[in-house]
Amino acid sequence: MTAEAQDVTGLLLSRIRDVPDYPKPGVLFKDITPLLADPEAFTALTDALAGLCSAHGATKIVGLEARGFILAAPVAVRAGLGFVPVRKAGKLPGATLRQAYELEYGTAEIEVHAEDLAAGDRVMVIDDVLATGGTAEASVELIRRAGAEVAGVAVLMELGFLPGRARLEPAMNGAPLTALITV
């Protein structure tokens, strides 16, 4: 890791607040709102993610509902790329593609406007946290079903004690999976 990357990582980590026992006892929640409130840290995060989009040849950026929207939209503007929201099922009007995925207790579905992704698009998926990997895995499948290529997945933070990377990597088919921070 370069000195510059270490500085960015340190800045980002210094702006993530630990909230014990939220949302339930025994959970240590990683709150990114202080990072978003700090223009220097938010700019550093945006620049780092935009750099990954450029390095991996992305032509569009997908943001995952809801915090992924907050990160991906400014990255798309910075990188000069289109932004495509991946929403929970039932939130988008018009023709959509839908993908179901398994949760710890049940299933969920995400969707994208059918016309927003197409053959020839190289799509970078951006989200705040990689935890169990279900939503990211479903988004990768959704992108491919739309006929587009996955340029990579980039997250601010990976929860290394959860199986997200192990679940997601097989679906990536060699595309890069990058976490700026692993806790």
Side-chain angles (χ1 to χ4, degrees), residues 23-24 27 29-30 32-33 36 45-46 49-50 52-160 162-180:
K24 62 184 186 178
V27 173
F29 184 78
K30 299 291 188 179
I32 68 166
T33 59
L36 300 174
L45 172 59
T46 301
L49 292 172
L52 290 170
C53 292
S54 176
H56 300 309
T59 61
K60 287 192 178 166
I61 295 174
V62 155
L64 305 182
E65 188 166 343
R67 289 180 303 244
F69 296 173
I70 296 168
L71 304 185
V75 170
V77 170
R78 179 66 47 95
L81 303 174
F83 168 71
V84 178
V86 169
R87 302 282 324 259
K88 294 176 183 172
K91 302 290 185 179
L92 292 172
T96 62
L97 293 174
R98 188 176 284 196
Q99 181 69 40
Y101 62 100
E102 297 291 321
L103 297 168
E104 189 174 352
Y105 301 105
T107 61
E109 292 181 316
I110 56 172
E111 61 187 11
V112 65
H113 275 131
E115 72 274 6
D116 288 348
L117 298 174
D121 288 333
R122 284 187 45 80
V123 183
M124 180 68 89
V125 177
I126 294 180
D127 203 6
D128 64 329
V129 174
L130 176 61
T132 62
T135 308
E137 180 185 37
S139 71
V140 164
E141 295 305 320
L142 193 58
I143 289 164
R144 289 195 179 111
R145 285 187 43 227
E149 182 181 344
V150 177
V153 173
V155 296
L156 164 59
M157 183 175 15
E158 178 179 352
L159 304 181
L162 292 175
R165 183 170 290 268
R167 178 178 182 171
L168 183 55
E169 280 183 332
M172 297 294 292
N173 292 338
L177 169 55
T178 305
L180 299 179

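These numbers were taken from a predicted model, which means no experiment stands behind them.
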With L142 as partner, the option from L97, V125, T96, V62 fulfilling side chain to side chain contact (heavy atoms under 4.5 Å, CB included) is L97

How long is the gap from OG1 on T132 to CG on L168, to the nearest 0.5 Å? 10.0 Å

Paired with E111, the side chain to side chain donor-acceptor pair (under 3.5 Å) test is passed by just one of K91, R98, R87, Q99, namely R98

Kindly check if the number of other-residue, nucleotide or ligand heavy atoms within 6.0 Å of CZ (R167) is above 12? yes

Rounded distance (nearest 0.5 Å) linking atom NZ of K30 with atom CG of L159: 8.5 Å

To the closest 0.5 Å, what do you measure between CG (D127) and CG (L49)? 10.5 Å

What is the minimum heavy-atom distance between A131 and L162, and which atoms define it? O-CB, 3.5 Å

Please tell me if the side chains of L71 and L36 come closer than 4.5 Å, counting only heavy atoms from C-beta onward. yes

Compare all side-chain heavy atoms of L52 with those of L180 and state whether any distance is below 4.5 angstrom. yes

Under 3.5 Å, is there a donor-acceptor pair between the side chain of E65 and the main chain of P85? no

Answer yes or no: is there a side-chain heavy-atom contact under 4.5 Å between V150 and V123? no

On a heavy-atom basis, the closest approach of I110 and S139 is CD1-N, 3.6 Å

Counting only N and O atoms by type, is there a donor-acceptor contact under 3.5 Å from the side chain of K60 to the main-chain atoms of D116? yes

Here the gap from L117 atom CG to R144 atom CZ, rounded to the nearest 0.5 Å, amounts to 12.5 Å

Side chains of M157 and I32: does their closest heavy-atom pair fall under 4.5 Å? yes

Any side-chain heavy atom of C53 sitting closer than 4.5 Å to one from I126? yes

Would you call R122 and E149 a salt bridge, using N to O less than 4.0 angstrom? yes

Tell me the closest heavy-atom pair linking F83 and A72, and the distance in Å. CE1-CB, 3.5 Å

Side chains of H113 and V84: does their closest heavy-atom pair fall under 4.5 Å? no

What closest approach, in Å, do G63 and F69 show between heavy atoms, and which atom pair accounts for it? O-CE2, 3.3 Å

Quick one: CE on M124 to CG on L81, what's the gap to the nearest 0.5 Å? 9.5 Å

Distance in Å, T178 OG1 paired with L156 CG, rounded so as to fall on 0.5 Å steps: 12.5 Å

Taking all heavy atoms of P170 and all of A166, pick out the closest pair and write down the distance. CD-O, 3.2 Å

